[in-house]
Enquirer: 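Submitted below is the structure of interest, expressed as structure tokens.
This is a predicted model, so every value here is computed, not measured. To find a chain, count down the sequence lines: A is the first, B the second, and so on, and within it residues start at 1.
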Number of protein chains: 2
Amino acid sequence: MEPTVVAGREALLASLERLARERGLANVGLREVARDAGLSHAAPAHFFGSREGMLRALAGEGLRLLYEDVCEAQEAPGAVGRERLVVDALAFVRFALAHPAHFDAVFRTPAALRGDAQFEARRAEALGSLRELVELVRAEGGLGPDADIDTVVLQHWALSHGVASLAIDGMLGPDGDPAIAEAAERIVRGHVAGLP
Amino acid sequence: MEPTVVAGREALLASLERLARERGLANVGLREVARDAGLSHAAPAHFFGSREGMLRALAGEGLRLLYEDVCEAQEAPGAVGRERLVVDALAFVRFALAHPAHFDAVFRTPAALRGDAQFEARRAEALGSLRELVELVRAEGGLGPDADIDTVVLQHWALSHGVASLAIDGMLGPDGDPAIAEAAERIVRGHVAGLP
DNA sequence: TGATGTGGTTGACGTTGTCAAGTAGGCTGG
DNA sequence: CCAGCCTACTTGACAACGTCAACCACATCA
């Protein structure tokens with residue numbers, strides 16, 4: 001029987017996410033999060049050790065969510081060869097738009113994460129699985145045989161990251177506008193079409 | 001006669017930049033900046049009104065610096081057609097590596113900037129001048145006549161932004177390693193080569 | 001001479017992140 | 001049955017923080 005009231009740790013992370021979504025990660029306080037979750041002011045320190053630890057926890061959750069989203073998108077039928085990269089990049093963008101606070105914690109708050117072995121390992125794993133995807137695409141004939149895999153991987157990662165940032169920062173259209181997704185798709189397709 | 005001791009305002013911005021470079025923008029305090037600049041704890045509030053105001057001032061300076069760097073790179077001889085886009089992107093990456101605090105303020109602290117008319121205007125201007133660059137490239141025959149200018153502009157902006165983020169976050173190699181610049185160049189060239 | 005800025009300072013207020021210490025309840029071995 | 005330990009917090013204190021009102025010294029100019 002799962003409890004209807006979530007454990008304190010998760011309640012705190014949920015509150016953090018909710019508040020960060022409105023105000024930006026940098027502008028939410030530990031005590032505020034604790035208040036919002038109905039706990040005492042020192043509860044965050046109890047679970048996460050420090051503010052930095054709490055952000056790290058959110059980043060870990062974010063990386064897990066992102067990985068799930070991307071895998072799920074990849075498993076949908078109909079995308080083979082080069083199209084797989086379109087699916088991958090658009091899943092990344094969708095994740096950024098759906099979980100801006102998590103995205104911020106993972107990709108835009110690097111100072112707190114530097115040197116965290118677990119986080120670096122997971123990030124390396126994410127890059128590794130992207131490399132596998134690119135290799136699969138090549139095996140399926142979607143990439144020229146002389147394409148440099150590492151360059152394609154980094155190029156694709158950079159473009160996905162860039163489009164996601166543009167989308168989050170409102171440079172592809174006002175918040176919630178479907179034009180954002182359309183612009184993102186145009187950009188991504190343009191990019192994928194240009195791969196060697 | 002310019003004074004050897006800069007005015008308080010600029011001393012504060014310089015201190016903010018120096019401290020943020022070591023610790024990340026989010027982890028420097030107003031009072032700390034004031035101390036570092038040799039001023040009283042309330043000096044930042046006097047000049048910038050609030051913490052947010054101070055970050056806005058840094059972002060404004062950053063946008064100006066970026067604009068100068070890119071223009072200067074573009075004026076160097078030898079780059080015509082498609083090569084202009086390589087020069088542009090690499091200037092962007094160099095700026096990010098040389099001024100990480102400014103880059104953070106401009107591109108990774110959007111909450112503080114939302115709704116600031118002056119900042120939005122300058123950002124729109126930056127995008128506009130990128131558009132002009134792309135149009136020039138097409139006029140020089142560097143782009144197919146049926147290329148969609150807007151998509152190319154956004155694609156280029158996204159990739160430049162992404163590569164810069166990768167570089168700053170240490171994903172192209174350890175800090176200061178010349179391999180970073182080499183990787184960035186490979187990625188950018190791969191991207192530009194794929195444009196329609 | 002006096003008004004008006006400009007470029008700051010001082011001091012106070014409420015709030016924040018962190019830490020040491022305490023507490024309440026559940027589990028486990030003897 | 002109960003002592004000991006673990007988990008999941010709370011309480012209270014501290015220094016540091018951002019902001020604000022008030023003040024000060026000097027320059028400019030009518």
Enquirer: Identify the pairs formed between an N or O of the protein and an N or O of nucleotides 6-12 of chain C at a distance under 3.5 Å, and give each distance.
Expert:
from: C/dG8; atom 1: OP2; to: B/G8; atom 2: N; distance (Å): 3.2
from: C/dG8; atom 1: N7; to: B/H46; atom 2: ND1; distance (Å): 3.1
from: C/dG8; atom 1: N7; to: B/H46; atom 2: NE2; distance (Å): 3.2
from: C/dT9; atom 1: OP1; to: B/S40; atom 2: N; distance (Å): 3.2
from: C/dT9; atom 1: OP2; to: B/S40; atom 2: N; distance (Å): 2.8
from: C/dT9; atom 1: OP2; to: B/S40; atom 2: OG; distance (Å): 2.5
from: C/dG11; atom 1: N7; to: B/H41; atom 2: NE2; distance (Å): 3.4
from: C/dG11; atom 1: O6; to: B/H41; atom 2: NE2; distance (Å): 3.4

Enquirer: Side chains of B/R56 and B/F48: closer than 4.5 Å at any heavy-atom pair?
Expert: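 Not touching, per the 4.5 Å side-chain cut-off.
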Enquirer: Spell out, as yes or no, whether a donor-acceptor pair under 3.5 Å connects the side chain of A/D116 to the backbone of A/F119.
Expert: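 Here the side-chain-to-backbone pair exists.
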Enquirer: In whole angstrom, give the distance that lies between atom CG of A/N27 and atom C1' of C/dT16.
Expert: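 After rounding, the gap between these two atoms is 14 Å.
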Enquirer: Measure the acute angle between the ring planes of B/F92 and B/H161, then classify it against the limits of 30° and 60° as parallel, tilted or perpendicular.
Expert: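 Answer is tilted, since the angle falls between 30° and 60°.
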Enquirer: When A/D88 is tested against each of A/L133, A/V188, A/V192 for side chain to side chain contact (heavy atoms under 4.5 Å, CB included), which residue passes?
Expert: A/L133
Enquirer: Are A/L154 and B/V163 side-chain neighbours, meaning at least one heavy-atom pair lies under 4.5 Å?
Expert: no
Enquirer: Reading DNA chain D 5' to 3', which nucleotide is the first, and which the last, to come under 4.0 Å of any heavy atom in chain B?
Expert: D/dC17 to D/dC20
Enquirer: Could you tell me which residues satisfy side-chain hydrogen bond (donor to acceptor under 3.5 Å, both in side chains) with B/E125, sequence neighbours excluded, listed by chain and number?
Expert: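 Counting only residues at least two positions away or on another chain, B/E125 forms no side-chain hydrogen bond (donor to acceptor under 3.5 Å, both in side chains).
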Enquirer: Measure from CG on A/L30 to P on C/dG17 and round the result to the nearest Å.
Expert: 5 Å
Enquirer: Using whole Å, report how far CG of A/L16 lies from P of C/dG17.
Expert: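 Distance check: A/L16 CG to C/dG17 P gives 11 Å.
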Enquirer: If the threshold is 4.0 Å, N to carboxylate O, is there a salt bridge linking A/D150 and A/R131?
Expert: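 Here A/D150 pairs with A/R131 in a salt bridge, since their nearest N and O are under 4.0 Å apart.
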Enquirer: For A/G49 and for A/R35, find the nucleotide of DNA chain C with the closest heavy atom, then tell me which residue's nucleotide is more 5'.
Expert: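 Between the two, 5'-proximity favours A/R35.
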Enquirer: Side chains of B/R18 and B/R21, heavy atoms from C-beta outward: is any pair under 4.5 Å?
Expert: no
